[in-house]
Amino acid sequence: MTAYADTGLLCSLYAPDAHTGRVVARMQRQALPLPLTWLHQLEFRSALRLRVFRGEITPPQRDASLNALLADVAAGVLAAAAPPLAETLTEAERLSALHTETTGTRSLDVLHVSSALVLGLAEFLTLDHRQRALAKAAGLKVPAL
């Protein structure tokens, strides 16, 4: 694994939206696998449920998106990763103290970037401009999508 994708990017990949074309194009040239953490799993499922609540997708579309993600886990596109929680939280607090007041990042954004750092990854994939700024400030490569 060399890159970490945030949940927003995974949502665009598995539950089509306005960004899906860019994300699919990036994934076609991306080294795989990408890590899938407990945070991705929780946030991905929650995001799909929120889309159902908003009327953006139907429950069968939600299920199809989740099944597509699980199929990619089975195929090795995504790989289970478990950055140590204590180390991740320590890194998240450090990043938040250094950068949240200037980047405006939220807790989940900080946790994703700290997870990438604890996993020792060099690249961070995101569509979120604030998370992009934090990842860059933390020394990660953040390619344009």
Side-chain angles (χ1 to χ4, degrees), residues 1-17 19-20 22-54 56-57 59 61-145:
M1 287 185 270
T2 61
Y4 185 103
D6 77 342
T7 307
L9 187 130
L10 294 179
C11 284
S12 289
L13 182 61
Y14 294 104
D17 62 18
H19 306 289
T20 299
R22 289 190 293 158
V23 172
V24 168
R26 174 63 196 188
M27 289 300 293
Q28 290 173 343
R29 33 182 222 281
Q30 180 60 49
L32 300 173
L34 296 175
L36 186 69
T37 69
W38 64 268
L39 181 56
H40 288 112
Q41 293 180 51
L42 172 64
E43 195 177 16
F44 182 77
R45 286 177 170 89
S46 253
L48 291 178
R49 292 174 188 131
L50 185 58
R51 286 186 180 187
V52 170
F53 172 80
R54 291 177 178 160
E56 298 168 359
I57 62 174
Q61 290 170 316
R62 174 205 59 218
D63 295 344
S65 295
L66 180 56
N67 288 335
L69 180 135
L70 294 173
D72 274 357
V73 171
V77 173
L78 302 171
L85 186 57
E87 192 177 338
T88 302
L89 293 174
T90 298
E91 182 63 19
E93 173 54 27
R94 185 186 76 78
L95 289 174
S96 178
L98 289 172
H99 303 293
T100 294
E101 292 177 0
T102 57
T103 62
T105 48
R106 300 170 299 129
S107 299
L108 290 176
D109 299 333
V110 176
L111 281 170
H112 279 297
V113 174
S114 67
S115 293
L117 292 170
V118 169
L119 288 170
L121 303 175
E123 191 172 53
F124 196 88
L125 307 174
T126 185
L127 298 163
D128 183 287
H129 70 279
R130 289 184 179 136
Q131 199 168 37
R132 172 182 300 280
L134 176 62
K136 282 183 180 180
L140 295 166
K141 295 177 190 170
V142 186
L145 296 177

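Worth saying up front: this structure is predicted, and the values here are computed from it rather than measured.
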- Query: Where do L125 and L34 land on the side-chain contact (heavy atoms from CB on, under 4.5 Å) test, with the steps shown first?
  - Reply: CA-CA 10 Å; L125 307 174; L34 296 175; 4.3 Å; yes
Test item: [X] side-chain N/O and [Y] main-chain N/O as donor-acceptor pair under 3.5 Å:
X    : Y    : result
R62  : R45  : no
D109 : R106 : yes
R29  : A25  : yes
S96  : A92  : no
R22  : L127 : no
T20  : L13  : no

- State the CG-CZ distance between L140 and R132, to the nearest 0.5 angstrom. 12.0 Å
[Y] and [X], any side-chain heavy atoms less than 4.5 Å apart:
X   : Y   : value
M27 : L32 : yes
T88 : E91 : no
W38 : L85 : yes
D72 : Y14 : yes

- Run the side-chain contact (heavy atoms from CB on, under 4.5 Å) check on R51 and D17 step by step: do they pass? CA-CA 11 Å; R51 286 186 180 187; D17 62 18; 3.0 Å; yes
Of all heavy-atom pairs between [X] and [Y], which one has the smallest distance, and what is that distance?
X    : Y    : result
F44  : S65  : CZ-O, 4.0 Å
L111 : L89  : CD2-CD2, 3.8 Å
Q30  : A3   : NE2-CB, 3.3 Å
L66  : L48  : N-CD1, 4.1 Å
H99  : L134 : CB-CD1, 3.5 Å
L121 : M1   : CD2-O, 3.2 Å

- Tell me, with the steps shown, if S115 and H112 meet side-chain hydrogen bond (donor to acceptor under 3.5 Å, both in side chains). CA-CA 5 Å; S115 293; H112 279 297; 5.6 Å; no
- Query: Passes side-chain contact (heavy atoms from CB on, under 4.5 Å), H19 versus L9? Steps please.
  - Reply: CA-CA 8 Å; H19 306 289; L9 187 130; over 6 Å; no
- Candidate pair V113 and T105, rule side-chain contact (heavy atoms from CB on, under 4.5 Å), full reasoning: CA-CA 10 Å; V113 174; T105 48; over 6 Å; no
- Item | Pair R26 + E123, salt bridge at N-O below 4.0 Å | yes
- Query: Among T7, L10, L36, which one satisfies side chain to side chain contact (heavy atoms under 4.5 Å, CB included) with Q41?
  - Reply: L36
